[in-house]
Amino acid sequence: MLANYHTHTVRCNHASGKEKEYIENAIKNGFKVLGFSDHVPQPYPKDYSSHIRMSIHEIEDYTNTLVALRDEYSKDIEILIGYEVEYTHKYFERMLYEIKKYPVDYIIQGQHFIPDEIDGFYSGAMTEDVEDLKAYVEMTVEGMNTGLFSYLAHPDLINFVGPDEIFQEHMSKIVETSIAKNIPLEVNMLGFMTDRNYPSDRFYSIASKMGAKFVIGCDAHNPLHVMQPEAIDGFTSFLNKHNIKIGNNIIDLKRL
Ligand SMILES: [Zn+2]
Ligand SMILES: [Zn+2]
């Protein structure tokens, strides 16, 4: 695996380590491409402050830091500047306007909240409600259809614990869209390593049978997370079980 496009920084308030440490660990572990994709700042109303993402005024420092490191390390590794972004109705256009004021190479979609952080629910909270599942799928597919996202992070973040048939009926729409729009689906190493509800057998067996394309994401919130799949117990067995080939893990980025 030569590339990882899912890397955070301390600005999101739940990651640790310096950018330099992520980069040096990536080089040490054989990566040729390291994309930073910290949680995107959202243009929320002034009376709301999010504790899980940088604020808009930090975009400048985020980009300047990464541009300097990109030049410093250019002989050893390609550094990319991106964001992990929730698609929302209320904030998407304005958010794009803000991040595009500075250099940005790509965005990945991570649908953590439905319909958004202020008015919605956290996708990873356990639910049996089919309406939650439907809302998650609808919002995710709508975001994918913008054509702006280079890949879909943890596609099965939604923690639906209801019947397999219902899960399949709805989640297959995400897989169909990923195939139609050529958007790879991420297999998330952090989720696997920390035993979260994702990546789940039931999602990847559907996606694999339908013929989706996959990409592996470290989802590094710590420099040590920038590691090869073999370093995580059981992860390669999971990939093999679902017939997911790793390859060099380099994908075509969709330009903004
Ligand atoms: Zn995070
Ligand atoms: Zn992430």
Side-chain angles (χ1 to χ4, degrees), residues 1 3-19 21-23 25-26 31 33-42 44 49-56 58-59 62 66 79-88 91-92 95 99 104-114 116-118 120-125 136 139-140 143-144 148-159 174 178 183-200 203 214-227 229 232 235 249 251 253-254:
M1 173 166 155
N4 168 53
Y5 303 95
H6 196 163
T7 313
H8 294 276
T9 77
V10 288
R11 290 171 197 77
C12 70
N13 304 308
H14 61 277
S16 56
K18 294 195 171 78
E19 291 84 355
E21 297 176 290
Y22 285 84
I23 295 168
N25 219 48
F31 290 88
V33 179
L34 182 66
F36 282 86
S37 50
D38 207 0
H39 294 282
V40 80
Q42 295 281 7
Y44 293 143
S49 73
S50 172
H51 300 295
I52 52 153
R53 60 184 75 251
M54 69 177 87
S55 59
I56 291 204
E58 289 175 287
I59 296 175
Y62 177 65
L66 294 178
I79 302 297
L80 298 168
I81 303 167
Y83 296 93
E84 180 178 18
V85 172
E86 290 88 1
Y87 175 73
T88 61
Y91 309 107
F92 193 65
M95 178 279 304
I99 64 172
V104 50
D105 296 310
Y106 70 101
I107 55 175
I108 60 175
Q109 185 180 4
Q111 212 57 51
H112 303 98
F113 302 97
I114 305 297
D116 60 60
E117 186 177 348
I118 298 179
F121 64 90
Y122 172 55
S123 308
Y136 173 83
M139 208 67 192
T140 303
M144 294 169 88
L148 297 173
F149 292 106
S150 289
Y151 82 56
L152 177 60
H154 36 61
D156 56 341
L157 176 61
I158 182 79
N159 196 355
I174 290 178
S178 87
I183 301 169
L185 301 173
E186 181 197 67
V187 191
N188 189 280
M189 291 199 340
L190 181 65
F192 191 91
M193 187 168 62
T194 54
D195 221 5
R196 299 183 186 175
N197 62 296
Y198 60 90
S200 69
F203 179 76
F214 299 99
V215 58
I216 292 167
C218 295
D219 199 356
H221 286 75
N222 176 310
L224 297 174
H225 292 164
V226 187
M227 55 165 110
I232 301 176
F235 189 64
N249 207 44
I251 59 163
L253 297 175
K254 294 185 168 59

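Read the numbers this way: they start at 1 and go in the same order the structure lists the ligands and their atoms.
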(message) Side chains of Tyr44 and Glu117 only: does a donor on one sit below 3.5 Å from an acceptor on the other?
(response) yes

(request) Using the Zn ion (ligand 1) as the apex, give the angle to atoms NE2 (His39) and NE2 (His14), rounded to 10 degrees. (result) 100°

(request) Give a yes or no on whether the ring-centroid distance for Tyr87 and Phe149 is below 6.0 angstrom. (result) no

(request) State whether His6 contributes an N/O/S atom found under 2.8 Å from the Zn ion (ligand 2). (result) yes

(request) Report the relative orientation of the aromatic rings in Tyr5 and Tyr151; use parallel for angles under 30°, tilted for 30 to 60°, perpendicular for over 60°. (result) perpendicular

(request) Please find the N/O/S atom of Glu84 nearest to the Zn ion (ligand 2) and write down its name. (result) OE1

(request) Describe, in one word, how the ring planes of His8 and His39 are oriented to each other, choosing from parallel (under 30°), tilted (30 to 60°) and perpendicular (over 60°). (result) parallel

(message) Within 2.8 Å of the Zn ion (ligand 1), is there any N, O or S atom belonging to Cys12?
(response) no

(request) Please check if the side chain of Asp219 supplies one atom and the backbone of Asn188 the other of a donor-acceptor pair under 3.5 Å. (result) no

(message) If the cut-off is 2.8 Å, does any N/O/S atom of His221 fall short of it from the Zn ion (ligand 1)?
(response) yes

(request) Identify, by name, the N, O or S atom of Asp219 lying closest to the Zn ion (ligand 2). (result) OD1

